[in-house]
Amino acid sequence: MEARDTSSNAESMLKGQGEILQIIFGFAEIMAVKSAVELRIPDIIHCHNSAVTLSQIASEIESPTNKVDLNSLSRIMRLLVRRKIFTAQTPSNGGEMLYGLTNSSRWLLHGSEPSLAPFLLMQSHPWMLTPWHFLSQCVKEGGLPFEKAHRCGLWDLASTNPEFNDVINDAMTGCTKIMMEAVIEGYKDGFGSIGSIVDVGGGTGGTMALVAKSFPHIKCLNFDLPHVIATAPDHEGVHHIGGDMFDVIPKAHAIFMKGVMHDWSDQDCVKILKNCREAIPEKTGKVIIVEDVLRPDEDGLFDGTHLAVDLVLFAQTSGGKERTEEEWKNVLEEGGFLRYNIIQIPTLQSIIEAFPN
C-alpha cells in the first residue's frame, strides 16, 4: 500500500511540474504568435488559397535584406503547429512540408473582418507588457501597475503618443467588429425602438457606423475624448462629438457603452452612470452596456478567459475590473438605474440593459 501511495504521489508531483513548466514558458507562445502576425504568415498562406511550403512563406516575407532565416522561421512554425495555430502535412510524394491555416489562425489575418490580429499586437506591445512586472509590488504597496510602470495612465500615454494611440484604436476597431456582429443580432429588437443613441467612449466611430448601417432610422452620435475624435474617419450616418464622459454626456434616447465600464473603478462607473442618467429621458431612456459578467466557476467555451481579462484590467487600467452580476447590480443602483436585464450573446461579453425606473 505504501509503495502504491508513493508512486501515486510521484505521478502527481510530475504532473504538477509539467503544468508549472507550461505556465513558465507560456510567454513563448504569445511571442511566437505575435511574430507570425508581424511577418503576416497567416495572410501569405491565405492568399495562396491552399497549404504552402516554408520556402514559399519565406519568399513572401518582407525583409530589408531580402533574406529570411529559414531555420528561425521553421522553429517558430514548429511550435505554432504544435499549438494548432497552423497545420503541417508532408505530401505523399515526399516533398516539402505544407503549412495551412486553422480556425485559430484565420482570426489573425490583417484586414480581414473579423480579425484579432490588431488586438494581439496591442496586448503584446512592450508598453502593455511592462506593467505586468508590477503586480506583486501593487499587492504589497497598493497602486496601479500601469502607472507604476509609466508614471501615467494608459489614456494619458496614448494621448501624447500618436503611434501608440493608433495601435489602441486599431485593436479596438477590430474587437468592435467581432463584438458588434453578436450585439446587433442579439439586440435587434432593442435597437428597433431607439430614436437616437450616443456611443460613450466610442473610439473612432466603428460601432456607431455598424449601428447606423443596420438601423438607419437611428440618429447615431459617437462620443470620445478630443484626441480620439481627431483621428476618427467620416462614417455615413454618424456624428462625432469630442468631450469627457466624466463632465457631461450628449443627450439621446439611449446611451451605448461597449468595453468602457470595465476600465474604471466602481466610483468612476457611478459617476459615468449618473451622467448617463442626466443625458436620457426619465421615463423612456435606457443604457445599453456591453461587458463581461464574471462567473468565476463557469465551465464553457470561454472558461477562465473572464478571469484573465480581469487581471489585464488590473495591469493596464486605472482601477478597472470585471464584475459579477451582483457587482453590476450595486454599481447600476448607485448610478441611478434600478432595473436591468442581462442578455446573453454568442461572444465573450453580455448585454446589460439598464433603466432609470
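Note that the coordinates shown come from a computational prediction; the quantities given were computed from them, not determined experimentally. The figures here come from the full heavy-atom set of this structure, side chains too, leaving out hydrogens, waters and symmetry mates.
Atom-to-atom distance recorded for Ile45:CD1 and Gln56:CD is 10.0 Å, nearest 0.5 angstrom. Here the CG atom belonging to Leu14 is positioned 5.5 Å from the CD atom belonging to Gln17, to the nearest 0.5 angstrom. How far CG of Leu116 is from CZ of Arg106: 14.5 Å, rounded to the nearest 0.5 Å. Here OH of Tyr99 is found 13.5 Å from CD1 of Ile44. Values are rounded to the nearest 0.5 Å. Considering OG1 of Thr87 and CG of Leu80, their distance stands at 12.0 Å, rounded to 0.5 Å. Expressed to the nearest 0.5 Å, how far OG1 of Thr305 lies from CD of Glu322 amounts to 11.0 Å.
Shown here is Glu141, whose CD atom has more than 12 heavy atoms of other residues, nucleotides or ligands within 6.0 Å. In Arg75, the CZ atom is not crowded: 12 or fewer heavy atoms of neighbouring residues, nucleotides or ligands sit closer than 6.0 Å. Within 6.0 Å of the CG atom in Asp234, the count of heavy atoms belonging to other residues, nucleotides or ligands does not exceed 12. Counting heavy-atom neighbours within 6.0 Å of His46 NE2, excluding the residue itself, gives a total of 12 or less. Sparse packing is recorded around CG of Asn103, with 12 or fewer heavy atoms of other residues, nucleotides or ligands lying under 6.0 Å away. The neighbour count for Glu147 CD, taken as heavy atoms of other residues, nucleotides or ligands under 6.0 Å away, is above 12.
Every side chain to side chain donor-acceptor pair (under 3.5 Å) that Lys188 has, sequence neighbours left out, goes to Glu185.
Closest non-hydrogen pair, Pro145 versus Gly143, comes out as CD-O, 4.1 Å. Scanning both residues, Ala354 and Leu332, for their nearest heavy atoms gives CB-CD2, 3.9 Å. Between Ser124 and Leu129, the shortest heavy-atom contact is O-CD1, 3.5 Å. Closest non-hydrogen pair, Gly285 versus Pro356, comes out as O-CD, 3.4 Å. Residue Ile178 comes nearest to Pro114 through the heavy atom pair CG1-CB, 3.1 Å, listed as atom of the first residue, atom of the second, then distance. Nearest heavy atom pair, residue Ala279 against residue Ile255, reads CB-CD1, 4.1 Å.
Of the residues Thr207, Ile352, Ile249, Ile289, the one that meets the side chain to side chain contact (heavy atoms under 4.5 Å, CB included) test with Met257 is Ile289. Among the candidates Asp310, Asp266, Asp292, the single residue satisfying the side chain to side chain donor-acceptor pair (under 3.5 Å) test with Arg323 is Asp266.
Within the 3.5 Å criterion, the main-chain N or O of Glu353 finds no donor-acceptor partner in the side chain of Lys286. Remark: side-chain polar atoms of His110 are not paired, donor with acceptor, to backbone N or O of Glu38 under 3.5 angstrom. Between the side chain of Glu334 and the backbone N or O of Val331 there is no donor-acceptor pair closer than 3.5 Å. Side-chain N or O atoms of Thr284 include none that pairs as donor or acceptor with a backbone N or O of Pro281 at under 3.5 Å. Asp244 places a side-chain N or O within donor-acceptor distance of the main-chain N or O of Phe246, the cut-off being under 3.5 Å. Between the side chain of Ser63 and the main chain of Val68, no donor-acceptor pair closer than 3.5 Å is present. The backbone N or O of Lys219 lies less than 3.5 Å from no partner atom in the side chain of Ser196, so there is not a single donor-acceptor pair. Within the 3.5 Å criterion, the main-chain N or O of Leu101 finds no donor-acceptor partner in the side chain of Ser105. Asn222 places a side-chain N or O within donor-acceptor distance of the main-chain N or O of Gly203, the cut-off being under 3.5 Å. Of the possible donor and acceptor atoms, none in the side chain of Asp156 sits under 3.5 Å from a partner among the backbone N and O of Cys152.
In the hydrophobic clustering (ILVMFWY side chains linked at under 4.5 Å, chained through shared members), Phe256 is joined by Met179, Met180, Val183, Ile184, Tyr187, Phe191, Ile194, Ile197, Met208, Leu210, Val211, Phe215, Ile218, Val238, Ile288, Val290, Ile343, Ile345, Ile351. Residue Leu225 belongs to a hydrophobic cluster whose other members are Val228, with links defined by side-chain heavy atoms closer than 4.5 Å.
Side-chain contact, Lys84 with Ser104: no donor N or O sits under 3.5 Å from an acceptor N or O.
In the hydrophobic cluster analysis, where Ile, Leu, Val, Met, Phe, Trp and Tyr join through side-chain heavy atoms closer than 4.5 angstrom, Met97 is grouped together with Leu70. Both Val198 and Ile241 belong to a single network of hydrophobic side chains, linked directly or stepwise wherever heavy atoms of I, L, V, M, F, W or Y lie under 4.5 Å apart. Linking ILVMFWY residues whenever their side-chain heavy atoms come closer than 4.5 Å, directly or via other members, leaves Val37 and Met122 in distinct clusters. Leu313 and Phe134 fall into different hydrophobic clusters, where Ile, Leu, Val, Met, Phe, Trp and Tyr side chains are chained together by heavy-atom contacts under 4.5 Å. Taken together through direct or relayed side-chain contacts under 4.5 Å among Ile, Leu, Val, Met, Phe, Trp and Tyr, Leu108 and Ile30 form parts of separate hydrophobic clusters.
Between Met172 and Phe119, some side-chain heavy-atom pair lies under the 4.5 Å cut-off. A heavy-atom distance below 4.5 Å is not found between the side chains of Trp107 and Ser115. The closest side-chain heavy-atom distance from Ser55 to Glu96 is below 4.5 Å. At least one side-chain heavy atom of Ile57 sits less than 4.5 Å from a side-chain heavy atom of Leu73. Leu54 has its side chain within reach of Met77: a pair of non-hydrogen atoms, C-beta onward, lies under 4.5 Å apart. Residues Asn275 and Val248 are not in side-chain contact: their nearest non-hydrogen atoms beyond the backbone lie 4.5 Å or more apart. Taking the side chain as every heavy atom from C-beta outward, Ser318 and Leu144 approach each other to under 4.5 Å. Leu157 has its side chain out of reach of Leu154: every pair of non-hydrogen atoms, C-beta onward, lies at least 4.5 Å apart.
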Legend entry - Test side chain to side chain contact (heavy atoms under 4.5 Å, CB included) applied to Thr204 and Ile229, step by step: CA-CA 6 Å; Thr204 55; Ile229 295 300; over 6 Å; no

Inset, instruction - Applying side chain to side chain donor-acceptor pair (under 3.5 Å), run through Gln316 and Gln123 and close with a yes or a no. - result: CA-CA 10 Å; Gln316 298 174 354; Gln123 289 297 342; 2.9 Å; yes

Legend entry - Residue pair Lys329, Glu333: steps toward the salt bridge (Lys or Arg N to Asp or Glu O under 4.0 Å) verdict: CA-CA 6 Å; Lys329 180 177 181 291; Glu333 287 183 351; 2.9 Å; yes

Inset, instruction - Before giving the answer on side chain to side chain donor-acceptor pair (under 3.5 Å), spell out for Ser350 and Glu291 the whole-Å C-alpha distance, their side-chain angles and the decisive distance to 0.1 Å. - result: CA-CA 6 Å; Ser350 300; Glu291 292 278 10; over 6 Å; no

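Aromatic ring centroids of Phe146 and Trp132 lie 6.0 Å or more apart. The aromatic ring centres of Tyr340 and Trp328 sit 6.0 Å or more apart.
By the 4.0 Å N-to-carboxylate-O rule, Lys15 lies close enough to Glu19 to be salt-bridged with it. Under a 4.0 Å N-O distance rule, the pair Glu282/Arg277 qualifies as a salt bridge.
Under the 30°/60° scheme for interplanar angles, the aromatic rings of Phe164 and Trp127 are found to stand perpendicular.
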